[in-house]
Number of protein chains: 2
Amino acid sequence: MNLKTLSEHLKLSQTTVSRALNGYPEVSEKTRMRVQQAAQELNYSPNARAKGLATGRAQTIGHVIPVSTQHEMVNPVFGDFIAGAGSAYAAAGFEMMISLVDDKSQEKLYRDICARRNVDGIIVHGPTMDDPRIALLSELNMPFVVHGRASNIDLPYSWLDTNNSRAFQRATEFLLDLGHTRIALMNGLEFMDYANRRRLAYEGALTGRGIALDGDLMCSKEMTEIKGFLSASAMLKLESPPTAFLTSSMITAIGVRRAIHDAGLTLGKDVSVITHDDDLGYLKNGHDVPIFTATRSSVREAGIRAGEILLRLIRDPSAGPIHEIIEAELIIGASTGPAPRRQNA
Amino acid sequence: MNLKTLSEHLKLSQTTVSRALNGYPEVSEKTRMRVQQAAQELNYSPNARAKGLATGRAQTIGHVIPVSTQHEMVNPVFGDFIAGAGSAYAAAGFEMMISLVDDKSQEKLYRDICARRNVDGIIVHGPTMDDPRIALLSELNMPFVVHGRASNIDLPYSWLDTNNSRAFQRATEFLLDLGHTRIALMNGLEFMDYANRRRLAYEGALTGRGIALDGDLMCSKEMTEIKGFLSASAMLKLESPPTAFLTSSMITAIGVRRAIHDAGLTLGKDVSVITHDDDLGYLKNGHDVPIFTATRSSVREAGIRAGEILLRLIRDPSAGPIHEIIEAELIIGASTGPAPRRQNA
DNA sequence: GAAGCCATTCAAAGCGCTTTGAGGAAAATG
DNA sequence: CATTTTCCTCAAAGCGCTTTGAATGGCTTC
């Protein structure tokens, strides 16, 4: 069923049918009703490619997911972010197109996507400190919104980010207030911008209280259960082990918890853990009492907001750049407690 | 940059340029080189919508992700599956389009997608026992591959599935061999086909050894950490608690582990746990020794295979229906051990 | 040198839609 | 009744590509 057969069937011109379906005023209400009903019955939906070609709009948003070849891992946050963004697109009648790309072919892929014109805008995932994609997309004149920020870039661009600095500062201070001084940071990979911000905030909070940084208590790894477990296990074996951990994700925290158990220690008593919690659908942090004390910021919500911002930018390119920062809440769970008194005190 | 300007720039017709770029033989090698070089330099990529309109092929695969409104959760397996499928598409020059849909509007969405013709094929996720989508897509004449199967449907259709029955039968028998008789099943929601298969296999293995089923030891919930924790905690408080758990996902297993710890018991000694492991990138089951004994089947691999099957079906619709079953390996980890002797024996 | 043949290249039609600029019929006005 | 206005409808052009069928030119061959 295409426009031609539909209009022939209705004994109307293609113009009239098109106008009727797209809500133009030059069509009588009676005709419009008739057309709409016929479209419904015959299950007519305009061919998206033809429509896109005619209008110059693809009604599609692109997401480029970096799939690193070295660490073969899809960010677990991805699904929830997509779900959020997708709901924003659906509400606006947009589709979502996903491309996977390994680090090497990034630039080529972005150029291709823009040249092929099958998206009207792009969400940039996982920005690094001086992410080259921002300059590239600006140059290519493609609307985009960054989920996160790129510290070392001072071009104007639109972004939406969690206040990672504030979250990690608060988390560190929360532990400091409980008397902890040996606080470990289990960070994500630090070429990622957010991980860098988190470390700086952690360092700032410590030095702000006159506590020297200790490289042994800081690590920067992929945020998996295993890495959390291994790093925490190693740290707990130090001569002067940490009494608290600050982790970058729930999954890492679960690994840390396992390390604590395996070391014969008790979570929330011998060792405290505070984590960042992306509030993922399949990894909720407890039911009544949160399992982990956490800085919580819903990544699904971030997806919705990012999607909405991009849609606005597409509608009105002069609206940008738009910045939005999401504050994380600090929620108190069962995984933190006062620093244990030194055994040899 | 479009074909017209490129051909004018080259002082060639659009036909010749198009042919040169698409590898037709009616073009001299010299011209082809010249055209390709110019395309490269000027960063020309054909407009995907126009190309699609002209060829009738969208070069795009659709994935419809059910986002249940009741249990607001994106399947954690999704990201890895997509990554697998995406790599298959990329290799074939296909794009991936994702649509989210709540249960209610399923049929409408599928009909729309087909009518709009912006995908050449569809991957069906999360089939239920008598999934109506299979009949629908068959009727709409759209190539599709189901990730999983629908037990109660006997239309011919292409699918790719893990051998859930075999996996759960082996897992149950493994526990039985270790002397366990009180074996709990922490299943996924049983309107999902795979969950049903798993339960049947578990039941079959138990009754095969003359062990009566006990409803108290079976639950069917969303596969989250919390649900795993709550269900396991409740079961461990039973008068005659289970000595082993069979869980449907790593995440559930992590919840079960927490319940076991909280009950003051030791994993792999007092209580055994065996889980199904989708081998997710961010949730690897241990480094040297697996944390959990598990039936492992890579969901990323499933994505690759499903994508390849669908591409084949699109190329040659007469090739189907294609069926592929993936056997899970049983890997032995630290979470299982012989059944503890009865305390009151 | 004419005829025939490849090897190249081209102009034009068509994919299914939107949108412009114009036309026709009915209603309102003089 | 003729003219204007209003409303509705239409034919045709164009979006950027592929593909058909025809044309061109340089070679051979007799």
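Numbers restart at 1 for each chain; the letters A, B, ... are given by sequence-line order, proteins then strands.
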Distance test, side-chain N/O of B:T16 to OP1/OP2 of C:dC10, below 4.0 Å: yes
For atom CG of A:L12 and atom P of C:dG23, their distance in whole Å: 20 Å
Gap between atoms CD and C1', on B:Q14 and C:dT9 respectively (whole Å): 13 Å
Between C1' of D:dG21 and CD of B:E26, the distance in whole Å: 12 Å
Rounded distance [0.5 Å steps], OH in B:Y44 versus CG in B:L6: 6.5 Å
Check: A:M1 main-chain N/O paired with A:T5 side-chain donor or acceptor under 3.5 Å: no
Under-4.0 Å side-chain N/O to phosphate OP1/OP2 contact, A:N22 with C:dT18: yes
Rounded interatomic separation in angstrom, taking CD from B:E8 and C1' from C:dA11: 14 Å
Rounded distance in Å - CG (B:L53) to P (D:dG14): 17 Å
Short side-chain N/O contact from A:T15 to OP1 or OP2 of D:dA11, under 4.0 Å: no
Atom-to-atom span, CD of B:E29 to C1' of C:dT9 - whole angstrom: 16 Å
Rounded distance (nearest 0.5 Å) linking atom NE2 of B:H63 with atom OH of B:Y89: 3.0 Å
A:Y24 vs C:dT19: side-chain N/O to OP1/OP2 distance below 4.0 Å: yes
B:S18 side chain near D:dT18 phosphate (N/O to OP1/OP2, under 4.0 Å): yes
Protein-nucleotide distance (B:K4, atom NZ; D:dA13, atom P), rounded to Å: 15 Å
Contact under 4.0 Å: B:K51 side-chain N or O vs D:dT18 OP1/OP2: yes
Side-chain touch B:N22/B:K51, heavy atoms, less than 4.5 angstrom: yes
Touch class at under 4.0 angstrom, heavy-atom based, for A:R19 against every strand present: base
A:R117 CZ - D:dC17 P separation (whole Å): 11 Å
Side-chain N or O of B:T31 closer than 4.0 Å to phosphate OP1/OP2 of C:dT8: no
Residue whose nearest DNA chain D nucleotide is more 5′ - A:A54 or A:K11: A:K11
Heavy atoms of other groups near B:D316 CG, more than 12 under 6.0 Å: yes
